[in-house]
Asker: 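Please read through the structure below; I'll follow up with questions.
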Amino acid sequence: MDDTGDTEYNNTHRAFLQAFLARSTLTYEQAKPILAAIFGAQEKRDYLVEDVTESDFIKYVTTINNAVSPYDLEIRSTFHQITRQRIYALVNSTSDAITQLATTHSADEISFLKRVLDAIFETNNTRRHEVMAISSMQAVKLAKAPSDRRTSQNGAETQGSSGQGLTLVQAEKMLKTVVEEGWFEKSRKGFYSLTPRALMELRGWLMETYNDEDEDEEDRMIRIKQCYACKEIITTGQRCPIRDCPCRLHDICTQRFFTTQKGKRCPVCKTEWTGRDFVGERAAVDMKEKAKRRSSNGTSRPAQSFVEAESDAAAGEAEVDDDDG
Ligand SMILES: [Zn+2]
Ligand SMILES: [Zn+2]
């Protein structure tokens, strides 16, 4: 694209925005062929994908942002926690994602989604095991609303819901939909977790909902943690082996971080960094193995799924807190 400095919002920006809306997120690499097609149509010639520059892309993002900001929309970017690829998403800059989801999903579906989020960030995110993901089996089990009508500590019940919850089929369908809509991603091992886009949109809501605000409280839970290196929310990566140490690092951030540090020591408490203490679904696998070891020692019954394993672990946590520390 020639550098005319023209940043007026026009049909080419509209076309690009439309392409953006059709996907939930875009990377620069994915945007290149779209821009090449737009520039080609505009200039009535073949436009090579290689000729699209990052500056073209940034200019389009900036112009679109100026045009959509009155509607409280904004294209924001974040890094993928595993690949570190920069991901762009059109996000709502004022309302949280839950509110947005409520416009296209029923109250019962939103209640189910909140139960899944509570499981991801509370049940499966304890001091011992920061899984921050949920197996398909565990998620589907949350289809029914809790029978005693007890809401989670964050008030999982949504106004207008029937209180009946969903059928298993409806729950499975809802999970599939939130994956298609770009909120959840499903791993090869069948764990659901939040996508970079969801983390970007839900950042404020997650911190508000799952972190204790009272700073004076001694046992205050900071369930949503940030990577020590890149300061983004971390739901998969590594943790300091010392349970009370807040240090967490994305796998890819450890590679960069430790090359500039002598030895591999926790930057906060200086304990040796094992690289085997995990955040994310690997913490669940880890937990299953420990549960298996415990059961073979006859100290615990075998864990059927990691929900059960976790409640065993949680029960044990009250008594002893350092058998795997
Ligand atoms: Zn990081
Ligand atoms: Zn530490």
Side-chain angles (χ1 to χ4, degrees), residues 1 3 7 9 12-39 47-69 72-93 96-97 100 132-133 178-188 192-207 224-238 248-260 279-281:
M1 197 71 195
D3 196 358
T7 52
Y9 186 75
T12 66
H13 298 99
R14 269 182 210 106
F16 185 62
L17 179 59
Q18 215 119 53
F20 215 127
L21 288 167
R23 300 158 174 80
S24 61
T25 56
L26 271 185
T27 62
Y28 166 54
E29 287 304 319
Q30 290 169 327
K32 279 167 83 171
I34 300 169
L35 285 174
I38 291 170
F39 297 160
Y47 203 100
L48 295 175
V49 172
E50 303 90 271
D51 291 341
V52 175
T53 65
E54 191 149 13
S55 128
D56 290 332
F57 175 61
I58 300 297
K59 264 191 227 160
Y60 265 68
V61 167
T62 309
T63 304
I64 290 171
N65 272 344
N66 288 334
V68 300
S69 72
D72 297 331
L73 294 169
E74 188 185 356
I75 296 174
R76 287 187 195 160
S77 72
T78 190
F79 288 110
H80 191 282
Q81 291 186 80
I82 294 168
T83 62
R84 290 302 284 167
Q85 198 171 32
R86 191 172 272 284
I87 290 169
Y88 292 80
L90 184 72
V91 303
N92 194 302
S93 53
D96 63 68
Q100 288 176 59
M132 297 206 230
V178 288
V179 169
E180 283 164 5
E181 290 177 350
W183 300 104
F184 279 26
E185 55 193 8
K186 195 177 179 185
S187 74
R188 271 188 301 152
Y192 290 100
S193 61
L194 291 185
T195 60
R197 178 238 179 152
L199 288 172
M200 208 175 345
E201 294 217 44
L202 284 167
R203 188 188 172 89
W205 184 85
L206 289 170
M207 302 242 201
I224 310 296
K225 298 186 176 72
Q226 281 147 279
C227 169
Y228 186 82
C230 71
K231 312 295 178 205
E232 302 261 3
I233 289 182
I234 180 165
T235 61
T236 176
Q238 299 172 21
R248 305 289 179 270
L249 287 165
H250 291 117
D251 288 338
I252 206 139
C253 292
T254 61
Q255 289 166 19
R256 296 176 185 191
F257 195 77
F258 287 126
T259 53
T260 58
V279 175
E281 67 175 75

Asker: Drop me the distance from L48's CG to K32's NZ, to the nearest 0.5 angstrom.
Answerer: 11.0 Å

Asker: Would you check if the side chain of N65 reaches a backbone N or O of I75 as a donor-acceptor pair within less than 3.5 Å?
Answerer: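 The answer is yes, because a donor-acceptor pair under 3.5 Å joins these two groups.
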
Asker: Side chains of F39 and D56: does their closest heavy-atom pair fall under 4.5 Å?
Answerer: yes

Asker: Measure up the F16 and Y60 rings against each other and bin them: parallel (under 30°), tilted (30 to 60°), perpendicular (over 60°).
Answerer: perpendicular

Asker: Of the non-hydrogen atoms in P33 and V49, which two are nearest, and what is the gap between them?
Answerer: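 Closest approach of P33 to V49, heavy atoms only: CA-CG2, 3.9 Å.
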
Asker: Within this structure, what is the CG-NE2 distance for the pair L199 and H80, rounded to the nearest 0.5 Å?
Answerer: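 Result: 9.5 Å between the selected atoms.
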
Asker: Working to the nearest 0.5 angstrom, can you tell me the gap between E185 CD and I82 CD1?
Answerer: 7.0 Å

Asker: Can you name the residues that form a side-chain contact (heavy atoms from CB on, under 4.5 Å) with S77, not counting sequence neighbours?
Answerer: R86, Y88

Asker: For a quick check under 3.5 Å, do Q81 and T235 share a side-chain donor-acceptor pair by atom type?
Answerer: yes

Asker: Kindly give the heavy-atom pair with the smallest separation between L73 and N92, and that separation in Å.
Answerer: CD2-CA, 4.1 Å

Asker: List the steps, then state whether side-chain contact (heavy atoms from CB on, under 4.5 Å) holds for I233 with L202.
Answerer: CA-CA 10 Å; I233 289 182; L202 284 167; over 6 Å; no

Asker: CG of L21 to CZ of R14: how many Å apart, nearest 0.5 Å?
Answerer: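 Going from the CG atom of L21 to the CZ atom of R14 covers 13.0 Å.
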
Asker: Find out whether the Lys NZ or Arg CZ of K59 is both under 6.0 angstrom from the six-membered ring centre of F57 and within 45° of the ring's axis.
Answerer: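 That pair does not qualify as a cation-pi contact.
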
Asker: Quick check: do R84 and Q255 have side-chain heavy atoms less than 4.5 Å from each other?
Answerer: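 No; the side chains remain at least 4.5 Å from each other.
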
Asker: Could you list the residues that satisfy side chain to side chain donor-acceptor pair (under 3.5 Å) with E74, not counting sequence neighbours?
Answerer: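 Residues passing side chain to side chain donor-acceptor pair (under 3.5 Å) with E74: R76.
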
Asker: Shortest non-hydrogen contact from A31 to L26?
Answerer: CB-CD1, 4.2 Å

Asker: Could you walk me through whether Q85 and Q30 pass side-chain contact (heavy atoms from CB on, under 4.5 Å), step by step?
Answerer: CA-CA 11 Å; Q85 198 171 32; Q30 290 169 327; over 6 Å; no

Asker: Can F258 and L249 be said to form a side-chain contact (heavy atoms from CB on, under 4.5 Å), step by step?
Answerer: CA-CA 10 Å; F258 287 126; L249 287 165; 3.9 Å; yes

Asker: Heavy atoms, side chains only, cut-off 4.5 Å: are Q226 and M207 in contact?
Answerer: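 Side-chain contact under 4.5 Å: yes.
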
Asker: Taking R256 for the side chain and I252 for the main chain, is one N or O donor matched with an acceptor at less than 3.5 Å?
Answerer: no

Asker: Can you tell me how far OG1 of T78 sits from CZ of R197, rounded to the nearest 0.5 angstrom?
Answerer: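 Between R197 CZ and T78 OG1, I get 13.0 Å after rounding to 0.5 Å.
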
Asker: Would you please name every residue forming a ring pair (Phe, Tyr, Trp, His ring centres under 6.0 Å) with F79, sequence neighbours left out?
Answerer: none

Asker: About how many Å separate CG of L35 and OG1 of T53, when rounded to the nearest 0.5 Å?
Answerer: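 Result: 9.0 Å between the selected atoms.
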
Asker: Could you report the tightest heavy-atom contact between Y9 and I64, atom names first, then the distance?
Answerer: CE1-CG1, 4.1 Å

Asker: Please walk me through it: do M132 and T236 pass side-chain contact (heavy atoms from CB on, under 4.5 Å)?
Answerer: CA-CA 8 Å; M132 297 206 230; T236 176; over 6 Å; no

Asker: Any luck finding a side-chain donor-acceptor pair between T63 and N66 under 3.5 Å?
Answerer: no

Asker: Does some side-chain heavy atom of L206 sit less than 4.5 Å from a side-chain heavy atom of L194?
Answerer: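 A side-chain contact exists here, since the closest heavy-atom pair is under 4.5 Å.
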
Asker: Measure the shortest side-chain to side-chain distance between C253 and E232 over non-hydrogen atoms and say whether it is less than 4.5 angstrom.
Answerer: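 Counting from C-beta outward, C253 and E232 never come under 4.5 Å.
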
Asker: Of all the heavy-atom pairs spanning I234 and C227, show the shortest one and how long it is.
Answerer: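 Heavy atoms only, the tightest pair is CG2-N, 3.8 Å.
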
